[in-house]
Colleague: 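For reference, the structure I am asking about is given below.
Every number for a ligand or one of its atoms is a count from 1 in the order of the listing.
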Amino acid sequence: MKLIEQIYVDGAFATPHGSERFDLFNPATEEKIGEVRLGDAEDARAAIAAARRAFPAMRRTEPAERVSLLLALRDAVAARADALRAAMATEYGAPQSFLAFSVPHAAGVFEAAAKTVADYAFTRRIGNADVIMEPVGVAAAITPWNSNIGFICTKLATAIAAGTSIVIKPSEMSAIQTQTLLEALHEADLPPGVLNVVNGHGHVVGAELSRNPDIAKITFTGSTTTGRTILRTAAETFKRVTLELGGKGPQILLDDADLDRAIPHVLASAFRNSGQACIAGTRLLVSKRRYVEINTRLAEAVATLKVGPSSDPAADIGPMVSARQWERVQSYIRLGQQEGATLLVGGEGRPDGLERGWFVRPTVFTDVTNDMRIAREEIFGPVLSVVRYRDEDEAIAIANDTDYGLQSYVLGSDAEHMRAVARQLEAGRVVINEAPADARAPFGGFKHSGIGREFGPFGLEAFLEPKAIIG
Ligand code: NAD
């Protein structure tokens, strides 16, 4: 049993004022594996005060000093890769494929931020003005459970790149991963107060960060509903806000696609991170002409996917993070059938052979129309909806007929043609044939998928204010 008794404030682990305990589980076994003592609003205020004290010195740092801090953080995270992987496996149940990506990614975001800082023009001349890009002020971050380590590292990296300090409230459900990461980050020897982390409930610690006038910038990753609440609260004090929210990503499978290559890409995008991914491509758009052939191939391919715990290297899909999330996915699988979609593969209940753990059956619905709730709402589990299109214009219209606009996918054989389709999609990112993303390319959503961008110069600028000195 892991007991997490402390938060991280002013460069040190500290016992919080809050005393509420929150249970932590292994989602593959449903066993309680730990408890975290949660911070409260008073702890949030103490962390904000520490970040405020650290801000003036951070603001004055030269880009080269920030690069050194970022590289020290990269090394600190890389040095604890095994412990981080173990924590993610136990508390989150991530499949090996996601672990193989996540931990190097978490270290890599610091290196990418260091490159961004090194290349960035913090001062430039525009006409008769000297334009100076200054850090916006003390930042706060609120993060979800589905990639806890990566989100904390991304937001911390950006704050340091910009020359500011930060208070982070991670998901209360990820406290073991947070603790393991903090032990790593502590080794980087940041100046006290630059990084502060307060475990706590969203409506307590998250709400304090959203409302506190000493926070100038808030960066949030999580659900669209929570994002809306934060945006409203933050408006009172005119905080700069970056919101990375939900998605219902379309995958347009063009008629010229080679299915031997495309079907694995389709499933990788749809079931990424066990389907618990904002960027998952959960609506597959297929032409009427190839509909039957593609459905046959999908059913065959999904039947070969293995669901299992993180400890099984052959498992493609892990458990849902919580009983609540499991129930939510089950309710959508029921809903799809009630709405008249056809269950091609999968369905309610646990996969055969798994009696315990919050495992779901990878599920594909066909005969889905884009007005069904399973095509419009984020399910956050391995559930794919296949929607038919008549021609490419209709495919693009269906792809864009959503409140979301985070990440879309185009699959086919003609690169120029796929780019032409991509240009017509309303999404912050369009991925062609599952190409890997550059670490400094902007990431974020159109429409209800969020506000602003992370990574690279766009992410950095979201933490900066331009100041023009004229004459
Ligand atoms: P969530 O919105 O429930 O919680 C996210 C964080 O917000 C948690 O730390 C939570 O404690 C906090 N929170 C909750 N209520 C709050 C409040 N009133 N004020 C301030 N903070 C509050 O989301 P989740 O269930 O943890 O994560 C899943 C969601 O995150 C999905 O909708 C998914 O699409 C989204 N997500 C988006 C991205 C992206 O980059 N766009 C990435 C991953 C996940």
Side-chain angles (χ1 to χ4, degrees), residues 20 22 36 38-41 44 92 94 98 102 105 109 140-155 158 167-175 177-178 197-212 215 218-234 236 239 241-249 272-282 320-322 324-329 332 377-381 402-408 427-429 437 442-455 459 462:
E20 187 183 335
F22 185 84
V36 54
L38 299 178
D40 60 14
Y92 179 59
F98 193 64
S102 293
H105 166 77
V109 295
I142 301 174
T143 59
W145 43 262
N146 68 327
S147 183
N148 174 68
I149 290 168
F151 292 130
I152 293 175
C153 289
T154 299
K155 292 172 191 318
T158 315
V167 179
I168 303 178
K169 192 214 87 67
S171 172
E172 54 277 38
M173 292 158 65
S174 310
Q177 297 160 82
T178 300
V197 178
V198 182
N199 290 310
H201 286 302
H203 66 276
V204 179
V205 176
E208 179 62 30
L209 297 179
S210 311
R211 108 168 59 91
N212 194 293
I215 296 292
I218 192 149
T219 171
F220 169 73
T221 299
S223 64
T224 295
T225 307
T226 306
R228 192 175 282 119
T229 303
I230 291 173
L231 185 60
R232 279 208 188 100
T233 310
E236 281 299 321
K239 294 189 199 326
V241 176
T242 302
L243 301 174
E244 298 289 357
L245 310 175
K248 192 73 193 178
R272 192 186 304 286
N273 192 8
S274 310
Q276 300 178 123
C278 52
I279 56 172
T282 48
M320 302 296 93
V321 72
S322 62
R324 190 161 156 243
Q325 191 64 20
W326 189 85
E327 290 292 351
R328 176 186 160 88
V329 177
Y332 274 104
E377 297 175 15
E378 188 179 48
I379 298 173
F380 232 55
T402 167
D403 285 341
Y404 293 112
L406 189 60
Q407 184 152 302
S408 301
R429 274 190 179 178
F443 175 69
F446 281 31
K447 304 193 268 187
H448 298 192
S449 285
I451 295 178
R453 295 293 179 270
E454 291 193 297
F455 301 129

Colleague: How far is atom 35 (C) of ligand 1 from the closest protein heavy atom, and which atom is that?
Modeller: Gly222 O, 3.1 Å

Colleague: Do other residues, nucleotides or ligands put more than 12 heavy atoms under 6.0 Å from the CZ atom of Arg324?
Modeller: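 Not more than 12 within 6.0 Å, no.
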
Colleague: Taking atom 4 (O) of ligand 1 as the reference point, report whether a protein heavy atom occurs under 4.0 Å from it.
Modeller: no

Colleague: Below 4.0 angstrom from a heavy atom of Gly246, which ligand 1 atoms are there? Numbered from 1 as shown, please.
Modeller: 34 (O)

Colleague: Give the atoms of ligand 1, by number and element, whose distance to some non-hydrogen atom of Phe443 is under 4.0 Å.
Modeller: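 Answer, ordered by atom number: 40 (O).
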
Colleague: Starting from the C-alpha separation in whole Å, work towards a yes-or-no answer on side chain to side chain contact (heavy atoms under 4.5 Å, CB included) for Asn146 and Phe151.
Modeller: CA-CA 9 Å; Asn146 68 327; Phe151 292 130; 3.3 Å; yes

Colleague: Salt bridge check, Lys155 against Glu454: does any charged N sit closer than 4.0 Å to a carboxylate O?
Modeller: yes

Colleague: Could I get the full list of side-chain contact (heavy atoms from CB on, under 4.5 Å) partners for Leu245, not counting sequence neighbours?
Modeller: Phe220, Thr224, Leu243

Colleague: If you measure every N or O of Thr224 against every N or O of ligand 1, does any of those distances drop under 3.5 Å?
Modeller: no

Colleague: Can you sort out which atoms of ligand 1 are near Ala207, meaning under 4.0 Å from one of its heavy atoms?
Modeller: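 Counting from 1, the qualifying ligand atoms are 19 (N), 20 (C).
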
Colleague: Does any N/O atom on Leu245 come nearer than 3.5 Å to any N/O atom on ligand 1?
Modeller: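 Checking ligand 1 against Leu245, an N or O pair does fall under 3.5 Å apart.
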
Colleague: So which protein heavy atom does atom 16 (C) of ligand 1 come closest to, and at what separation?
Modeller: Thr226 CG2, 3.4 Å

Colleague: Side chain or backbone of Met173 under 4.0 Å from ligand 1, or both, or neither, by non-hydrogen atoms?
Modeller: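 For Met173, no heavy atom sits under 4.0 Å from ligand 1.
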
Colleague: I need the atoms of ligand 1 closer than 4.0 Å to a non-hydrogen atom of Phe151, numbered in the order shown.
Modeller: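 Near Phe151, meaning under 4.0 Å from one of its heavy atoms, ligand 1 has 42 (C), 43 (C).
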
Colleague: For the 3.5 Å polar cut-off, considering only N or O atoms, please tell me whether Asn146 and ligand 1 meet it.
Modeller: no

Colleague: If you measure every N/O of Glu378 against every N/O of ligand 1, is any gap under 3.5 Å?
Modeller: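 Between Glu378 and ligand 1, an N or O pair is found under 3.5 Å apart.
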
Colleague: The test is side chain to side chain contact (heavy atoms under 4.5 Å, CB included); show your working for Ile149 and His105 and say whether it passes.
Modeller: CA-CA 9 Å; Ile149 290 168; His105 166 77; over 6 Å; no

Colleague: For atom 27 (O) of ligand 1, what's the nearest protein heavy atom and its distance?
Modeller: Pro144 CB, 3.3 Å

Colleague: Strictly distance-based, threshold 3.5 Å: is any side-chain N or O of Glu20 a donor or acceptor partner for the main-chain N or O of Leu38?
Modeller: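 Side chain of Glu20 to backbone of Leu38, a donor-acceptor pair under 3.5 Å: no, none is there.
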
Colleague: Return the residue, atom name and 0.1 Å-rounded distance of the protein heavy atom closest to atom 19 (N) of ligand 1.
Modeller: Gly202 O, 3.3 Å

Colleague: How long is the gap from CD1 on Ile168 to CG on Asn199, to the nearest 0.5 Å?
Modeller: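 Between atom CD1 of Ile168 and atom CG of Asn199 there are 11.0 Å.
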
Colleague: I'd like to know if the side chain of Tyr332 pairs up with that of Glu377 as donor and acceptor (distance under 3.5 Å, no hydrogens or angles considered).
Modeller: yes

Colleague: Please state which option from Ser223, Ala234, Ser174 has its nearest heavy atom closest to atom 2 (O) of ligand 1.
Modeller: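 That would be Ser223.
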
Colleague: Does even one non-hydrogen atom of Gly445 get within less than 4.0 Å of ligand 1?
Modeller: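 Flag not set, Gly445 not near ligand 1.
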
Colleague: Could you list the atoms of ligand 1 found under 4.0 angstrom from a heavy atom of Ile142?
Modeller: 6 (C), 7 (O), 9 (O), 12 (C), 20 (C), 21 (N)

Colleague: Starting from atom 18 (N) of ligand 1, find the nearest protein heavy-atom neighbour and note its residue, name and distance.
Modeller: Thr229 CG2, 4.0 Å

Colleague: Check this for me - ligand 1, Ser449, N or O atoms closer than 3.5 angstrom, yes or no?
Modeller: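 No, since none of the N or O atoms of Ser449 sits under 3.5 Å from an N or O of ligand 1.
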
Colleague: Got an N/O contact under 3.5 Å between His201 and ligand 1?
Modeller: no

Colleague: Which part of Thr143 is near ligand 1, with near meaning a heavy atom under 4.0 Å away: side chain, backbone, both or neither?
Modeller: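 Under 4.0 Å from ligand 1, Thr143 contributes backbone atoms alone.
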
Colleague: For atom 28 (C) of ligand 1, what's the nearest protein heavy atom and its distance?
Modeller: Phe380 CE2, 3.6 Å

Colleague: Looking at the rings of Trp145 and Phe380, which for Trp means the six-membered one, are their centres under 6.0 Å apart?
Modeller: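 Yes, the ring centres sit under 6.0 Å apart.
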
Colleague: Enter the distance from Glu172:CD to Phe22:CZ here, rounded to the nearest 0.5 Å.
Modeller: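 One finds 5.0 Å between CD of Glu172 and CZ of Phe22.
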
Colleague: Checking Lys248 against Ser449: is there a side-chain donor and acceptor pair closer than 3.5 Å?
Modeller: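 There is no such pair between these side chains.
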
Colleague: In chain order, what residues pass the salt bridge (Lys or Arg N to Asp or Glu O under 4.0 Å) check against Arg272, with sequence neighbours excluded?
Modeller: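 With neighbours one apart ignored, the set is Glu434.
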
Colleague: For atom 25 (O) of ligand 1, what's the nearest protein heavy atom and its distance?
Modeller: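 Here the nearest protein heavy atom works out to Trp145 NE1, 3.0 Å.
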
Colleague: For Ser171, take its heavy atoms, then give the atoms of ligand 1 lying under 4.0 Å from any of them.
Modeller: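 Heavy-atom distances to Ser171 below 4.0 Å select 9 (O).
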
Colleague: If we ignore angles and hydrogens, is there a donor and acceptor under 3.5 Å between the side chains of Asn148 and Thr178?
Modeller: yes

Colleague: Could you tell me whether Gln276 approaches ligand 1 through its side chain, its backbone, both or neither, with non-hydrogen atoms closer than 4.0 Å?
Modeller: neither

Colleague: Would you compute the distance between atom CE of Met320 and atom CD of Glu327 and round it to the nearest 0.5 angstrom?
Modeller: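 It is 13.0 Å, given to the nearest 0.5 Å.
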
Colleague: Assess Gly450 for proximity to ligand 1: is some non-hydrogen atom of it under 4.0 Å away?
Modeller: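 Under 4.0 Å: no for Gly450.
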
Colleague: Quick one: do the Thr226 and Ser223 side chains pair a donor with an acceptor below 3.5 Å?
Modeller: yes

Colleague: Given Ser322 and Met173, is the side chain to side chain contact (heavy atoms under 4.5 Å, CB included) satisfied, shown in steps?
Modeller: CA-CA 9 Å; Ser322 62; Met173 292 158 65; 3.9 Å; yes

Colleague: In the protein, what heavy atom is nearest to atom 36 (N) of ligand 1, and what distance, to one decimal place, separates them?
Modeller: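 Ranking protein heavy atoms by distance from atom 36 (N) of ligand 1, first comes Cys278 CB, 3.6 Å.
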
Colleague: Under 4.0 Å from ligand 1, counting heavy atoms only, is it the side chain of Ile279, its backbone, both or neither?
Modeller: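 For Ile279, no heavy atom sits under 4.0 Å from ligand 1.
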
